[in-house]
Amino acid sequence: MSNDNFIMIQFFEWFLPADGKHWERLVKETPLLKELGVSGVWLPPCYKAMSGEDVGYAVYDFYDLGEFNQKGSVRTKYGTRAELEQAITVLHQAGLQVYADVVVNHKAGADETERFKVVKVDPDNRTRIISKPYEIEGWTKFVFPGRKGKYSKFQYYFNHFTATDFDQATGEKGIYRILGEGKTFNEQVDLEFGNYDYLMFADLDYEHPDVIESTVEWGKWFAQTLKLDGFRLDAIKHINAGFIEHFVREVRSHIKRDFFAVGEYWTADADVLRSYLEDVEHQLTLFDVTLHFNFHDASLKNNEYDLRQIFAGTLVESNPWNTVTFVDNHDSQRGQSLQSWVEDWFKPLAYAFILLRRDGYPCLFYGDYYGTGKPDSLPGHRAVLDVLLRARRELSYGDQIDTFDHANVVAWQRLGDEDHPGSGLAVVVSNGDDGDKLLNFGPERAGSVWHDLTGQREEIVTLDESGIGTFFVTGRSLSVWAADNS
């Protein structure tokens, strides 16, 4: 995708107001997104959650897109189905793709309880059983009375799940593995805590043929009904990898057109990510969580971090065509369970590393552009991001030359190409003191005059007869240098 400098945006953050007006906001912002160069919009989970306040990851009914009076409202946190469909229509009319968040690991907010046998397992080692078999009363019966069987008559009962976390009879919390013939945690999941099949709520059993079939059928319905262009797959480290491969393949086959898929596998170990891509036969791309943690680490260590290592061990370094790069997201926000927020001073630098380089499909986070709501209440970085997004859209083309020769000041060049007249740029980044780089653009650029788009540096750089010039950067900042004819 990098040939056309596509970018996607995660058009939500954790603390959006639960006012049912987010699809309206998306419609209003679509012209700006188009202007910024956005190619794909990642929507929040757009089906009914266990409450109208929920972000959407406590999913209740896959088929209720804000159409039925369930869980206290017709709308979801973001609006009604009609408003959602209108937003997607507007995005498509603007030439933008639409990616929906797919949360198929678990279900929440069951309609009724059931009694069934379980064993309790150690939360720190889910392969270790810490009780004898006994009966609990769990929230596992989903019959969707408000929908009354429209779109699908499938209902969920305890045998459709591997585990749950609450015994209504005693009020006790824990991880209760549900017993039954051939029933156990799946092996094709992350090995953290011994086996990380169970994450939260009532965990769907992707060894159960009815669960597999019903989820695949929903995925086809969902993609076709909303005319989606792709999926963002949530929490895939907790889901049978074989099912994920099957799910994506079946939806693509049904849609019969290009269909993008990116998975969220939350680990800093890029070797695990690379192995997972092989397990699913490269049917999807992955978020480069390793790079995110490098950014987080760099933002905390200040000038003690060696910028030459910013891409060391990352997924984009080894798999540039199967990688979505990002700086932060809704999970890494302050106060969230996966909190690993990139500190504000480093955030523009991090975005330069994903927006102005050749590899990866970068994702802009709503909270970084527009700011985050209460209780986080952090301002966005719109001014500098507008500069970087313009530079990506207009200038960041052609061959890339890296000058990563100093621990605290690094640079790279994009040489431009014939398809984008006037393109080409130089980026200099510092996490320490003021610095500079001697960069060579070749004799064809001799005499060209360059300025810093960020406004951090007032110098004018004129390349000599060989096309060489000294490009500057202010400490703990970045400069994006462009030729005056750009």
Side-chain angles (χ1 to χ4, degrees), residues 2 5 7 265-274 285-329 332 338 340-365 368 381 384-385 387-389 391-392 396 399-414 425-439 454 456 471-481:
S2 59
N5 281 355
I7 63 168
Y265 194 117
W266 197 263
T267 179
D269 189 341
D271 288 337
V272 173
L273 300 178
R274 284 185 279 270
T285 63
L286 293 177
F287 287 101
D288 196 344
V289 182
T290 312
L291 180 60
H292 159 74
F293 277 110
N294 283 1
F295 290 153
H296 177 243
D297 194 31
S299 76
L300 297 179
K301 290 183 177 178
N302 297 293
N303 64 356
E304 294 181 6
Y305 188 89
D306 187 342
L307 287 178
R308 294 171 296 186
Q309 304 302 311
I310 198 72
F311 291 105
T314 62
L315 191 62
V316 73
E317 181 184 53
S318 58
N319 296 69
W321 293 101
N322 290 99
T323 304
V324 172
T325 53
F326 72 104
V327 177
D328 269 310
N329 66 20
S332 66
L338 300 177
S340 45
W341 188 250
V342 176
E343 294 300 313
D344 278 1
W345 78 271
F346 193 79
K347 194 147 282 187
L349 284 63
Y351 271 103
F353 280 120
I354 70 170
L355 291 175
L356 301 183
R357 293 177 61 80
R358 181 182 54 209
D359 296 329
Y361 184 16
C363 182
L364 173 66
F365 177 44
D368 287 337
H381 297 265
V384 66
L385 286 174
V387 172
L388 299 182
L389 290 163
R392 177 176 178 82
S396 190
D399 291 341
Q400 180 173 292
I401 301 174
D402 289 341
T403 307
F404 282 36
D405 57 357
H406 188 281
N408 301 119
V409 181
V410 299
W412 65 92
Q413 301 158 254
R414 300 297 301 275
L425 51 72
V427 182
V428 192
V429 174
S430 170
N431 68 349
D433 298 330
D434 292 2
D436 59 72
K437 290 291 183 195
L438 192 68
L439 303 178
T454 72
Q456 292 286 329
F471 294 83
F472 304 92
V473 67
T474 299
R476 289 169 60 88
S477 185
L478 79 153
S479 288
V480 180
W481 295 88

- Query: Is atom CD of E304 surrounded by more than 12 heavy atoms (other residues, nucleotides or ligands) closer than 6.0 Å?
  - Reply: no
- Taking only residues two or more places apart in sequence, or in another chain, which ones meet N303 in a side-chain hydrogen bond (donor to acceptor under 3.5 Å, both in side chains)? none
- Task: Could you tell me whether the side chain of L355 reaches within less than 4.5 Å of the side chain of S396, counting heavy atoms only?
- Result: no
- Message: What's the separation between atom CZ in F353 and atom CD1 in I310, rounded to the nearest 0.5 Å?
- Response: 5.5 Å
- Query: For D399, does the CG atom sit with more than 12 other heavy atoms under 6.0 Å from it, leaving out its own atoms?
  - Reply: no
- Are any non-hydrogen side-chain atoms of V429 and V473 less than 4.5 angstrom apart? no
- Message: Return the CG to CG distance between L478 and L356, rounded to the nearest 0.5 Å.
- Response: 8.0 Å
- Classify the angle between the aromatic ring planes of W266 and F293 as parallel (below 30°), tilted (30 to 60°) or perpendicular (above 60°). perpendicular
- Message: Could you measure the distance from the CZ atom of R274 to the CG atom of L286? Nearest 0.5 Å is fine.
- Response: 11.0 Å
- Message: A side-chain contact here means heavy atoms from C-beta on lying under 4.5 Å apart; do L273 and F287 qualify?
- Response: no
- Query: In this structure, which one of N302, N431, N408 forms a side chain to side chain donor-acceptor pair (under 3.5 Å) with R476?
  - Reply: N302
- Calculate, to the nearest 0.5 Å, the distance between atoms CG and CG belonging to D344 and D328 respectively. 9.0 Å
- What heavy-atom pair brings S430 and G475 nearest, and what distance separates the two atoms? OG-CA, 3.8 Å
- Query: Should the ring pair F295 and F346 be called parallel, tilted or perpendicular, given that the plane angle runs from 0 to 90° and is split at 30 and 60?
  - Reply: tilted
- Do V327 and F365 have side-chain heavy atoms sitting under 4.5 Å apart? no
- Message: For a 4.5 angstrom cut-off between non-hydrogen side-chain atoms, does V289 reach T267?
- Response: no
- Message: Between D368 and Y351, do the side chains contain a donor N or O and an acceptor N or O under 3.5 Å apart?
- Response: yes
- Query: Quick check: does any side chain N or O of D434 sit under 3.5 Å from a backbone N or O of T474, one acting as donor and the other as acceptor?
  - Reply: no
- Item | Test side-chain hydrogen bond (donor to acceptor under 3.5 Å, both in side chains) applied to D433 - qualifying residues, sequence neighbours left out | none
- Under 3.5 Å, is there a donor-acceptor pair between the side chain of N5 and the main chain of R392? yes
- Message: Any side-chain to backbone donor/acceptor pair from Q400 onto R358? Under 3.5 Å, distance only.
- Response: yes
- Message: Rounded to the nearest 0.5 Å, what separates atom CD1 in I354 from atom CG in L388?
- Response: 9.5 Å
- Interatomic spacing from CG in L364 to CG in L385 - rounded to 0.5 Å: 6.0 Å
- Task: Please check if the side chain of S340 supplies one atom and the backbone of L338 the other of a donor-acceptor pair under 3.5 Å.
- Result: yes
- Message: Is it the case that the side chain of W481 and the backbone of F472 share a donor-acceptor pair, with hydrogens and angles ignored and the cut-off at 3.5 Å?
- Response: yes
- Query: Any sub-3.5 Å donor-acceptor pair from H296's side-chain atoms to V342's backbone N or O?
  - Reply: no
- Query: Within 45° of the six-membered ring axis of W341 and under 6.0 Å from that ring's centre, is NZ or CZ of K347 located there?
  - Reply: yes
- Message: Under the criterion side-chain contact (heavy atoms from CB on, under 4.5 Å), I'd like the reasoning laid out for V409 against V428: C-alpha separation, chi angles, the key distance, then a yes or no.
- Response: CA-CA 7 Å; V409 181; V428 192; 3.9 Å; yes
- Could you tell me whether the side chains of N319 and T323 share a donor-acceptor contact shorter than 3.5 Å? no
- Item | Those residues that, when tested against S299, pass side-chain hydrogen bond (donor to acceptor under 3.5 Å, both in side chains) (two or more places apart) | none
